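Data block below; observations after.
Order of the sequence lines sets the chain letters (A, B, ...), proteins ahead of strands, with each chain counted from 1. Every value quoted in this text rests on a predicted model; they were computed, and no experiment measured them.
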Number of protein chains: 2
Amino acid sequence: MKDLLYLKDDQIKDFIEQIFYAYRETYSDPKKILKKYSFGTAHHRAIQLIERHEGLTVSDLLNKLKITKQSLNRVLRDLIINKAILLKKGEVDSRRRQIFLNEKGRKLFEEIFFEQKKRIYNALKNADADSVVKFKNILKKIINE
Amino acid sequence: MKDLLYLKDDQIKDFIEQIFYAYRETYSDPKKILKKYSFGTAHHRAIQLIERHEGLTVSDLLNKLKITKQSLNRVLRDLIINKAILLKKGEVDSRRRQIFLNEKGRKLFEEIFFEQKKRIYNALKNADADSVVKFKNILKKIINE
DNA sequence: TAGATATGTCAATATAACTGACCCAAAACA
DNA sequence: TGTTTTGGGTCAGTTATATTGACATATCTA
């Protein structure tokens, strides 16, 4: 590994530490709202992915979350009981269940997003477009997208 | 809130989703190593912060981790028993306990870092210095540093 | 010396994950 | 057509990490 100035170990260690803080802060912002609905961060992550990828199947969601189906099922069950989401049989393959938000779920998502948006918005508002693009590209590379 | 092209809601939602992936991937890389030592991610985070801020006190660590002292104490106890860290009484104020890695802890940290470094290094190796600086600055703003 | 502070600890509980074993229905295949 | 594979669901038990609340102790500060 080359040892460019901006790739020194200390710099990399800083990034690793800051990625932790960034995740924790970003995902703790909407906790009061989730509590209001008796949901936790696991429900939050599911709701969020469903909103971004409506109609995704259970296994799509499993692949994104990388948890076990037993674990996901608890979360989906809670969301279904609370009428936040609904599952429809796939038209092509009726084994596949596609997941959608319904009105209540959409409202919940909006409340969650309102809280989270502030932090990201404030971080980006004074940044130039180039910074945002570069931030995005590095983030993508970190997750191998 | 202005609605600049790069600050559209969809863009912000993408960032929120990607911050989750970035954290999860970065922190799941060293799990096999941790398992070898019978440690978990909680121990990982503590070890890592201690390495970056040697001599920090228990309450410094609490403030960084933002968990309860009961929770942290389990982690510190495990690390002490395994001789990964040691606590020394503060010289000025002997109530304060300063935390240090000892040899075993330093070795553990190096193993953990070796795994995590790959991901970050690969993400940054082809980026120009400017990109890295911009990435860092936005990350800092997200965590209000 | 009377608080306040830093830390540690006991006990109970919650949340989110795990492993492992099964089950069913629908699709794919031979 | 019959068999196998796939997508999904579920029961049961366990682990990891966090929580709340109460209390203990030593040390520092006013």
Rounded to the nearest angstrom, tell me the gap between atom [atom1] in [X] and atom [atom2] in [N].
X       : N      : atom1 : atom2 : answer
A:Leu34 : C:dA14 : CG    : C1'   : 15 Å
A:Arg74 : C:dC18 : CZ    : C1'   : 12 Å
B:Arg96 : C:dG8  : CZ    : C1'   : 16 Å
B:Ile99 : C:dG8  : CD1   : P     : 8 Å
A:Lys89 : C:dA25 : NZ    : C1'   : 8 Å
A:Asn73 : C:dT15 : CG    : P     : 18 Å
A:Ile67 : C:dA17 : CD1   : P     : 5 Å
B:Gln70 : C:dT15 : CD    : C1'   : 17 Å

Distance-only side-chain donor-acceptor flag, B:His53 / A:Glu17, under 3.5 Å: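 Side-chain D/A pair, B:His53 to A:Glu17: present.
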
Distance (rounded to the nearest 0.5 Å) between B:Arg119 CZ and A:Ile12 CD1: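 Separation between the atoms: 13.0 Å.
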
Rounded distance [0.5 Å steps], NZ in A:Lys118 versus CG in A:Asp29: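 Going from NZ on A:Lys118 over to CG on A:Asp29, the span is 8.0 Å.
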
Checking all strands, does [X] fall into the base, sugar-phosphate, or nothing category for heavy-atom contacts under 4.0 angstrom?
X       : value
B:Leu62 : nothing
A:His44 : nothing
A:Ser94 : sugar-phosphate
B:Leu61 : nothing
B:Lys35 : nothing
B:Ser71 : base
A:Thr68 : base

is_close_aromatic(A:His44, A:Phe39), centroid dist under 6.0 Å: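 No.
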
Of B:Leu87 and A:Gly90, the one whose closest DNA chain C nucleotide lies more 5':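 On the 5' side of the pair lies B:Leu87.
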
Interface limits on DNA chain D, where chain A has a heavy atom under 4.0 Å of a nucleotide atom: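 The contacted stretch runs from D:dT6 to D:dC11.
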
Residues B:Arg96, B:Glu91; criterion salt bridge (charged side-chain N to carboxylate O under 4.0 Å, His left out); working and verdict: CA-CA 9 Å; B:Arg96 292 178 132 92; B:Glu91 282 175 27; over 6 Å; no

If you measure from the Lys or Arg side-chain nitrogens to the Asp or Glu carboxylate oxygens, is any gap between [X] and [Y] under 4.0 Å?
X        : Y       : answer
A:Arg95  : A:Asp93 : yes
A:Glu25  : B:Lys66 : yes
B:Glu111 : B:Lys36 : yes

Terminal axis angle for the helix from C:dT1-D:dA30 to C:dA30-D:dT1, five pairs an end, nearest 10 degrees: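 One end axis against the other gives 30°.
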
Side-chain donor/acceptor contact of B:Arg95 with base of C:dT5 under 3.5 Å: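 Counting by modelled atom types and ignoring angles, a donor-acceptor contact under 3.5 Å is found here.
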
Ring geometry between B:Tyr23 and A:Tyr23 (parallel below 30°, tilted from 30 to 60°, perpendicular above 60°):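 The rings of A:Tyr23 and B:Tyr23 lie parallel, inter-plane angle below 30°.
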
Heavy-atom side-chain contact between B:Lys13 and A:Glu51 under 4.5 Å: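 Yes - at least one pair of side-chain heavy atoms lies under 4.5 Å apart.
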
